Amino acid sequence: MSSLNNQVALVTGASRGIGRAIALELGRQGATVVGTATTEEGARAITEAFAKSGIRGRGESLEVKDAARCEQLVDAVIKEFGSLSILVNNAGITRDNLAMRMKDEEWQAVVDTNLTAVFRLARLVMRPMMKAKFGRIVNVTSVVGSSGNAGQANYAAAKAGVAGMSRALARELGSRNITVNCVAPGFIDTDMTRALNETQTAALVQNIPLGRFGQPEDVAAAVAFLASPQAGYITGVTLHVNGGMYME
């Protein structure tokens with residue numbers, strides 16, 4: 001399948017887990033992909049993974065909270081490849097704590113990375129997408145943004161905020177043929193969930209109708225669909241990829 005030929009994609013947080021799977025899937029479908037990591041080592045690993053898979057593009061180091069660096073990278077991608085038609089905001093952090101014990105810096109770090117930086121990058125790509133009269137913005141949120149989760153008030157607030165912001169942007173940008181959607185993963189088989197013990201894993205799986213954790217590729221497939229021509233009449237939605245643990 002090469003439904004994304006001639007498209008240029010920027011994927012943040014692409015060095016591992018869900019972000020890596022998204023970047024590889026977009027590349028396999030024909031897109032040129034720039035994937036970001038917070039370190040130079042991570043960026044090199046992305047470049048090597050792309051080369052191994054025959055994907056056009058490379059890795060770049062990016063701290064999404066760095067506004068100047070974000071602008072520099074978007075400008076560089078457009079200058080090099082001539083366009084930037086797909087933005088996937090995947091980078092995110094957690095600073096979990098019970099609300100009563102949560103420090104201001106734990107709250108602010110999560111909001112700055114998971115919400116403010118998502119808006120900033122979306123704003124940076126709007127003008128070139130509007131000029132081209134085409135664009136796909138896909139924001140990776142979380143089931144927690146809809147269901148809530150104890151100890152994650154900051155994370156849930158940021159992810160819910162991204163969903164609301166995405167609906168607002170979908171209304172603003174729709175007339176220019178730019179879609180804005182979210183993909184909300186549930187529990188996915190990544191380094192984070194592999195750190196859970198058997199008892200914790202079993203308790204979580206009990207609440208998932210499909211009876212298992214998802215794979216990063218499950219999320220990547222949803223993102224790739226929303227970035228594809230086939231999803232051209234879908235905007236302002238949150239696509240849940242959670243095995244049924246949360247349903248609307």
Side-chain angles (χ1 to χ4, degrees), residues 9-14 17-19 21-23 26 35-36 38 62-67 70-71 73-74 84 86-96 99 102 106-126 129 135-149 151-174 178-188 190 192 214 216 218-227 231 234-242 245-248:
L10 174 62
V11 181
T12 66
I18 290 172
I22 291 169
L26 295 180
T36 77
T38 55
L62 176 71
E63 170 51 69
V64 293
K65 291 188 295 183
D66 185 338
C70 286
E71 184 172 1
L73 179 58
V74 168
L84 178 49
I86 301 169
L87 169 65
V88 181
N89 281 304
N90 171 72
I93 63 170
T94 56
R95 295 289 186 271
D96 296 350
M102 187 173 289
E106 292 172 328
W107 172 275
Q108 201 62 51
V110 170
V111 170
D112 286 348
T113 300
N114 296 9
L115 177 57
T116 304
V118 171
F119 172 73
R120 183 181 296 123
L121 278 164
R123 186 177 60 190
L124 284 169
V125 303
M126 286 178 197
M129 287 182 177
R136 299 282 192 266
I137 299 173
V138 184
N139 298 318
V140 179
T141 58
S142 170
V143 64
V144 169
S146 297
S147 67
N149 195 36
Q152 290 193 308
N154 49 1
Y155 187 76
K159 293 299 188 179
V162 170
M165 177 190 70
S166 298
R167 291 189 291 270
L169 296 182
R171 291 187 180 277
E172 288 189 25
L173 302 173
I178 300 167
T179 65
V180 186
N181 294 293
C182 296
V183 172
F187 286 99
I188 306 298
T190 62
M192 185 182 301
D218 295 324
V219 183
V223 172
F225 167 67
L226 290 175
I234 299 173
T235 195
V237 308
T238 295
L239 179 55
H240 290 278
V241 184
N242 60 37
M245 67 173 291
Y246 175 85
M247 302 181 190
E248 290 185 323

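Basis for what follows: all heavy atoms, side chains included, without hydrogens, waters or symmetry-related copies. These figures come from a predicted structure and were not determined experimentally. Numbers here are sequence positions counted from 1.
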Under the ring-ring contact (aromatic ring centres under 6.0 Å, His included) test, residues paired with Y246 that sit two or more places apart: H240
Looking at [X] and [Y], what are the two nearest heavy atoms and their distance?
{"X": "A14", "Y": "G35", "value": "CB-CA, 3.8 Å"}
{"X": "K65", "Y": "T113", "value": "CD-OG1, 3.2 Å"}
{"X": "L115", "Y": "A158", "value": "CD1-O, 4.0 Å"}
{"X": "P185", "Y": "V183", "value": "CD-O, 3.3 Å"}
{"X": "G19", "Y": "V11", "value": "O-CG1, 3.9 Å"}
{"X": "A184", "Y": "T141", "value": "CB-OG1, 3.4 Å"}

Main-chain N/O of G236 paired with S166 side-chain donor or acceptor, under 3.5 Å: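 No: the side chain of S166 does not pair with the backbone of G236.
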Could you give the distance from [atom1] ([X]) to [atom2] ([Y]), rounded to the nearest 0.5 Å?
{"X": "S147", "Y": "K159", "atom1": "OG", "atom2": "NZ", "answer": "13.0 Å"}
{"X": "E71", "Y": "R120", "atom1": "CD", "atom2": "CZ", "answer": "10.5 Å"}
{"X": "F119", "Y": "M165", "atom1": "CZ", "atom2": "CE", "answer": "7.5 Å"}
{"X": "F225", "Y": "L239", "atom1": "CZ", "atom2": "CG", "answer": "8.0 Å"}
{"X": "L62", "Y": "L73", "atom1": "CG", "atom2": "CG", "answer": "5.5 Å"}
{"X": "L124", "Y": "M126", "atom1": "CG", "atom2": "CE", "answer": "9.0 Å"}

Derivation of the side-chain contact (heavy atoms from CB on, under 4.5 Å) call for V74 and L10: CA-CA 8 Å; V74 168; L10 174 62; 4.2 Å; yes
Which residues pass the side chain to side chain donor-acceptor pair (under 3.5 Å) test with [X], sequence neighbours left out?
{"X": "E106", "value": "N97"}
{"X": "N89", "value": "N139"}
{"X": "D66", "value": "none"}
{"X": "Q108", "value": "D112"}

Verdict with supporting geometry, N114 and V118, side-chain contact (heavy atoms from CB on, under 4.5 Å): CA-CA 6 Å; N114 296 9; V118 171; 5.8 Å; no
Would you say that [X] contacts [Y] through its side chain, given a criterion of any heavy-atom pair below 4.5 Å between the two side chains?
{"X": "E248", "Y": "T238", "answer": "no"}
{"X": "N90", "Y": "V223", "answer": "no"}
{"X": "V110", "Y": "Q152", "answer": "no"}
{"X": "L121", "Y": "V64", "answer": "yes"}
{"X": "V140", "Y": "I22", "answer": "yes"}

Test side-chain contact (heavy atoms from CB on, under 4.5 Å) applied to L226 and I137, V138, I86, the passing residue: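 For L226, the side-chain contact (heavy atoms from CB on, under 4.5 Å) check succeeds only for V138.
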Test side-chain contact (heavy atoms from CB on, under 4.5 Å) applied to A170 - qualifying residues, sequence neighbours left out: V180, T235
